[in-house]
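Worksheet: one structure, shown below.
Numbering of ligands and ligand atoms starts at 1, following listing order. Residue indices begin at 1 and follow the sequence shown.
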Amino acid sequence: MKCLRQFALAALFVSPALLAAAPSIDDRSAFIADLLGRMTLEEKVGQLRLISIGGDMPRERIVEEMAAGRIGATFNSVVRPDNRPMQEAALRSRLGIPVFFAYDIIHGHRTTFPIGLGLASSWDIEAIENSARIAALEASADGLDMTFAPTVDISRDPRWGRTSEGFGEDPYLVSRIAAAMVRGFQGKDPSDPQRIMASVKHFALYGAVEGGRDYNVVDMSPLRMYQDYLPPYRAAIDAGAGGVMVALNAVNGVPASANKWLLDDLLRRQWGFKGVVLSDHGAITELLRHGVAADGREAARLAISAGVGMSMADTLYDQELPALVRSGAVAQSVLDEAVTHVLNTKYDLGLFHDPFRRIGRAEDDPADVNAESRLHRADARAMARDSLVLLENRGDTLPLRKNATVALIGPLADSQVDMLGSWSAVGVAEQAVTLRQGMEAALAGQGKLLHAVGANVTDDARVIDYLNQLNWDRPEVVPDKRTPQAMLDEAVALAAQADVIVAAVGEARGMSHESSSRTRLDLPDSQQALLRALKATGKPLVLVLMNGRPLALGWEKDNADAILETWYSGIEGGHAIADVLFGEHNPSGKLPISFPRSVGQIPTYYNHLRLGRPYTPGTPGNYTSQYFEEATGPLYPFGYGLSYSDFQLSAPKLSAERMHPDQRIRVSVTLKNAGPRPGATVVQLYLHDEAASVIRPEKELKAFRRVKLEAGEARELSFEIDESMLRFFDASLQHVSEPGAFRVQLGLDSQAVQEARFELLPRP
Ligand code: NOJ
């Protein structure tokens, strides 16, 4: 029935110009080649324009340009009644080539899921895939075709605000998530009207900007690139991502948007990427500011020659490409290849078969795009619960009793917009459940909730100004007019009446966003003062952290009775956090990124290369690698997270101590839930290569399993190690394994591991 309807729609809407002359629409390459052959130079250049809606060009002008066949796609137009007239205009153009509609759907569309770091903290690959599937379902129902996601930039520097958007520091975990997100968005086939196409970003190495300062340069050895930073992009592409967005940074002296090695040699030739390459916002013009192009003509030539296909919110392609091609400075074949990728993308999205396959018919448009019935709250709550990471729980402070009097204090306790986190697509703040609302619902009819703000997120006027100018549609950080002391006094007086204090502190969402790089990683002063005053009451102090990056939490670790890292947990965050605080749900999240002790200690990633003089505790001044003013190692390591259960893992047993390259070794462990309640945890498998031709990391995550166990239940788990898991990039960038000894380490975090040794034998 559905198919018939689509067929009818297609017959109605596909431009006769397209259908008449073309060879069979079922033969993609013949169909696209024929179309390309009929296009003028201007029409071809038009296909490379990706226009921002709400940018400089008024909507009427956009429609005119579309009707003239001079626009290939848009982004930021997100409802069917807005997209429909644009598609109709495109179909009126001489060749009737449809446009596609893209948007930044990063962690949910109408239903806001936890931010990337939160999703990653679940280590639940199926649930993460499901969150992307739901985002695709909602976005496609709004007439969208493509998302600029997943963001898979490895981040080892939490000063970088976009750390929040990605999935952490580890190449293996981020790669697994990258592939899952692509599967979730695209399903089996991006032409599915309930799916959208994924455009993985930011290619490449964006997370390694120097000093964590956004848009800064990246200079990196090829070994590190291949070993650590490139795998997640590759995983997304291998999973079928239809698009790649180019990073704004330079890669070893050449901006990514002009980097032929990156976009052509590596992406197209070595990796065989067949999809569309998009520039980031204005990046072609930025080639002038990078100083690799003397003028716009040069910038456009460099970008298209390197392999940038569509230009996002940039005018240089339309201004310069026609003359560049006419003069032969850019070969016709280079332009044709770029246009072919765009047309293929539209084909793969199913738009040539039915340009309205996601926009649908006007009579089916939702009366209210924000209707509750369009949300997927249950999935959001389940995902959010599993994204929470319990960092401390002294004396079993948590879970709280439901008949307790709880003082909920802090600037983030009742802030709807901050529940969403940045890049929250069309998520509506008013639909987000705050912690206050979640706790009130959980306590209903039993205990008592007292609430005070206690402190502003920050009292620094400069920071407030910055945060309010980040292009949100309204000021988001509106300080309380009272004096800091008056707010503190109120909070302390309230705390004195309570059994326990829950302090909701952290960062306003704008602090963990594009361009929001920080020099400090501690809580803003206003919130530190609040916590110290609350601590002085002597009441048990539970911190609920909301933030988009690892924070330096030395004082908090020493002084809080419990700490729950909640990131920005999305539309159902308040319920999810309350579920964990009151023990309805046993926390199981694990950190996807290390928490440093201080800014000076960055980077603190766990999988660093081995040293000739690693830090060895003992006599001071023993000339080993350390910062002498503070303890060595992270405050909380990668993979760490507590549970209300007591999970015990046995020492690993190997099925053999030697393996030929074509054999496997089975590693077995027993996991026991020795606690009184059911729960889940993540068993993590790391490998350590004892000696190789290049320096290998201390350890590398190679497998993991999220396991749910009933109270008292024990289960034997086994992992297989094969030769491919022992491979690495050698000095000539070959992906090889080398015979020799390895250690396999199993644990519930990256530090507390038990190990066994085995040997990889040479090939006969
Ligand atoms: C700039 C950001 O870097 C990129 O991630 C995003 O997709 C585009 N703007 C479009 O919004």
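- At a heavy-atom cutoff of 4.0 Å, ligand 1 is contacted by the side chain of R162 but not by its backbone.
- Within the structure, the ring pair (Phe, Tyr, Trp, His ring centres under 6.0 Å) test picks out no pair touching residues 290-310 (sequence neighbours left out).
- The contact set between ligand 1 and F75, taken as ligand atoms under 4.0 Å from a residue heavy atom, comprises 10 (C), 11 (O).
- Using cut-offs of 30° and 60° for the angle between ring planes, the W423 and H513 rings count as tilted.
- Given atom 6 (C) of ligand 1, the protein heavy atom at minimum distance is D104 OD1, 3.3 Å.
- Atom 8 (C) of ligand 1 has D280 OD1, 3.3 Å as its closest protein atom, hydrogens excluded (heavy atom only).
- Below 4.0 Å from some heavy atom of K201 lie the following atoms of ligand 1, by number and element: 4 (C), 5 (O), 6 (C), 7 (O).
- Proximity of the aromatic rings of F148 and F75 is defined here by a centroid distance below 6.0 angstrom, and this criterion is met.
- Sorted by first and then second residue, the ring pair (Phe, Tyr, Trp, His ring centres under 6.0 Å) pairs with a member in residues 175-206 read W160-Y206, H202-Y206, F203-Y233, F203-W271; sequence neighbours excluded.
- Distances below 4.0 Å separate heavy atoms of F148 from the following atoms of ligand 1: 7 (O).
- Nearest residue to atom 5 (O) of ligand 1 from M245, H202, M312 is H202 (criterion: closest heavy atom).
- Residue-to-ligand polar distances keep W423 apart from ligand 1: every N/O pair is separated by 3.5 Å or more.
- For W123 and F638, the gap between ring centers is short of 6.0 Å.
- Contact check on D142 versus R374 returns a salt bridge, with a Lys/Arg side-chain nitrogen under 4.0 Å from an Asp/Glu carboxylate oxygen.
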